There are 4 protein chains.
Amino acid sequence: MSTTGAPDPSRRNDATRRAILSAAIDQVGEVGYAKLTIERIAKSAGVGKQTIYRWWPSKGAVFFDAFLDLAGDGEAAALPDTGDLAADLKLVLVATVDELNDPRFDRAMRALHTEIVLDPVLAADYAARLDNPMREIKKARLRAAQEVGQLADEVDLEVAVDLIWGPVLNRWLHRTAPLTSEYAEQVVDTALAGLTPRKS
Amino acid sequence: MSTTGAPDPSRRNDATRRAILSAAIDQVGEVGYAKLTIERIAKSAGVGKQTIYRWWPSKGAVFFDAFLDLAGDGEAAALPDTGDLAADLKLVLVATVDELNDPRFDRAMRALHTEIVLDPVLAADYAARLDNPMREIKKARLRAAQEVGQLADEVDLEVAVDLIWGPVLNRWLHRTAPLTSEYAEQVVDTALAGLTPRKS
Amino acid sequence: MSTTGAPDPSRRNDATRRAILSAAIDQVGEVGYAKLTIERIAKSAGVGKQTIYRWWPSKGAVFFDAFLDLAGDGEAAALPDTGDLAADLKLVLVATVDELNDPRFDRAMRALHTEIVLDPVLAADYAARLDNPMREIKKARLRAAQEVGQLADEVDLEVAVDLIWGPVLNRWLHRTAPLTSEYAEQVVDTALAGLTPRKS
Amino acid sequence: MSTTGAPDPSRRNDATRRAILSAAIDQVGEVGYAKLTIERIAKSAGVGKQTIYRWWPSKGAVFFDAFLDLAGDGEAAALPDTGDLAADLKLVLVATVDELNDPRFDRAMRALHTEIVLDPVLAADYAARLDNPMREIKKARLRAAQEVGQLADEVDLEVAVDLIWGPVLNRWLHRTAPLTSEYAEQVVDTALAGLTPRKS
DNA sequence: TGGTAAGCGAGACGGTACGTCGAGTCTTAAG
DNA sequence: CTTAAGACTCGACGTACCGTCTCGCTTACCA
């Protein structure tokens, strides 16, 4: 018989769990991630602090779960494939730009990145649960392009993904300049064509 | 004549200022940014808390100044130009990779990004004082390449910079995969050549 | 039903409460009332500051409670009555003098007076809980004397008490001159006999 | 040549000194003694903090001087002597009661007592500069009474003064009960007649 | 079907850091 | 050389949250 105090997940009250996660998202929207506290989440969820500490180790973990819960729904299983690679990529990238420009999403997403940048454990978790699946979907589309000769055979798909999505993510994160659809399309065109001149 | 109560910089003790900034850097190295506190900086610098609050509004601002002070020194004025664009870019990017892989620099740099991602004011300051000057240097090298026909005329230099440096920065930030020299070189090659096949 | 945020006394930890009160008394004895701080009491009691602020509004209030707790125990129920009023009063007053000359008690008592002199609320509380009960005891002894003809019928007992105890308290408070047993006895004799000459 | 830093009083600017003292009195009236600070006095007097510290060791000392400056003026040189001791004493004591009941004077006087009760040095200074001179005046009147047979020869004048003025001061300090003229007169009568019955 | 061992809301507790105020010392510039 | 001004170190203020710890209470499971 163990007395480790590890809680029994089977007895967990799911309504409470959801109340906590959605309170976390709400409060980030209201006061920002820096002023998000466990006590605030608890009060806003109508929950005792201990209930949060029983199931999560830190505010970062709570928010992280909350974010994944939110983002996990309605994920596309595949990128569009109309046969026109450039058009398909632009479509997806412009949608991403719109999402990042939505203030509510912007705040939550920046909060997430803050945690991920500093905490390798969360970063790994994030990679496993959200980023890698998305990468696979992206790579699948690129692989399909490769098979029909729209993408050079020698291109490493990891690098290709980074080349296309990296610049957009970066400009958003660092606010180097306004993040527009035009920029997204320019990135796609430039990445596909390359920087060096093509003969005629 | 203003009555804002803003302190008079001319009376500022510069030795104290430097002690604070270097204490901030030291302490981030020792305990990490999350555990960095104003009190810790003050104690480590042998300084009253009030002296910090008199000149900076937050720990983020202190650390930010400290970082800029550090990074501002010994900045290269120009990228190497041997005539071989690919080689020059690889050289620079590999150096960047090495820097980012240095644990001391890694910690400070991540801390900086955390602040910048959440605070647009700091982001603008960072852009003005460090990022933009660096971008100009990068663009100068690319423009030179354009003039000798090593870079396509229609390429937007902003996009080109993002395409080359963005992926490296991203992989470092998100720890998508280990950040290696090989990756840096692969990024340069791929960005220059483009993703679509070139005829023979 | 109130929402004042006032804490619920039933949940109060009594061991903690006692630790705070006795730490307050200890520390006044060690460093004096002027250097008594909430932080010092908290540290000496092994208690968080917030726990003190939760239950008391100021250091004065803490100390006041501590003093009453101390003084409230072991109070005599009545003054001695041997039939000789002068002797009885001298006995009591000399005991008071000794008490006031005890450095530990002196410090605490002066601290108490400091608070009482400036704060009418504390003064009222002090009167209700300590001073008035003591006055009643004193008046009871004087009333008994009146009944056996040792005290003039027309004497107001309030004034009588003030006349006997007032001078001693005053000399102690203001350090007009050293507070001795002889003085106490002289006060009793003079108050009983009056200042004007008696015939024969 | 000495470098003890002891300031030379002869170079003292008297206008500055007066500005400080009257600022101290003003500010006690405005915010009370507890919230009186050196900085507040300095600002209100248009004076640097150092100027105050150069001449006084503490806020208590400043206020004390300020008070003495105020009270020192217009002191009576002698108590009235109409030949009727009781009447003369009542007149003086009733005047004292009125003074103590004046709110402005009450505040300053309580502040003064707070300092005196805790600080023996100030107490001695107060005794030397205000209390003793007043006692001598009181004793002079009583001595005169003794010489005309209105006061018993064996009465110690120190005790007599304490017996008459002590009760009034005490009731004021501790707010035992409202301080009225009637009380003052009752004290005089009782002290003169004594507590024990007089034959016939 | 009643006992008992969770989970839970609530919130007191020992702590750490916050950002502010004032103490008392020291430096600078003006007169 | 004194002064007004104010930066400096230091320490306490009173507050906000941290993460841990009871408290009763509801709510399953199991005997």
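These numbers were taken from a predicted model, which means no experiment stands behind them. Side-chain atoms are counted along with the backbone in the values below, which use heavy atoms only and exclude waters and symmetry mates. A note on names: the letters A, B, ... follow the listed sequences, proteins ahead of strands, and every chain is numbered from 1.
Closest to the side chain of A/Arg11, from the set E/dT27, E/dA6, E/dG11, is E/dA6.
The aromatic rings of D/His113 and C/His174 sit tilted, their planes meeting at an angle between 30° and 60°. Using cut-offs of 30° and 60° on the angle between ring planes, the pair A/Phe105 and A/Phe67 is tilted.
A salt bridge between A/Asp65 and A/Arg129 is present, with a side-chain N of the basic residue lying under 4.0 Å from a carboxylate O of the acidic one. A salt bridge does not link A/Asp119 to B/Arg175: none of the charged side-chain nitrogens sits closer than 4.0 Å to a carboxylate oxygen.
For A/Arg12 and A/Trp55, the positive end sits near the middle of the six-membered ring, less than 6.0 Å away and at most 45° from its axis.
Summarising the geometry, the separation between CG on D/Asn13 and P on E/dA30 is reported as 20 Å, rounded to the nearest angstrom. Distance, B/Arg17 CZ to F/dT9 P: 15 Å, rounded to whole Å. For C/Asp8 and E/dA10, the CG to P distance is 14 Å, given to the nearest whole Å. We find that NZ of B/Lys43 is positioned 14 Å from P of F/dT9, with the value rounded to whole Å. The CZ-P distance, from A/Arg12 to E/dG9, rounds to 12 Å in whole Å.
Contact check, C/Thr16 against E/dG14: a side-chain N or O comes under 4.0 Å of OP1 or OP2.
Listed in residue order, the members of residues 34-41 of chain D having a heavy atom less than 4.0 Å from DNA chain F come to none. Of the residues in residues 44-59 of chain C, C/Lys49, C/Gln50, C/Tyr53 come within less than 4.0 Å of DNA chain F through at least one heavy atom, sorted by number.
Pairs passing the salt bridge (Lys or Arg N to Asp or Glu O under 4.0 Å) check and including a residue from residues 44-59 of chain A, sequence neighbours excluded, read A/Glu39-A/Lys49.
Side chains of C/Glu115 and C/Tyr126: a donor-acceptor N/O pair is absent below 3.5 angstrom, by distance only.
When atom types are taken as modelled, the side chain of A/Arg110 and the backbone of B/Leu118 share no donor-acceptor pair closer than 3.5 angstrom.
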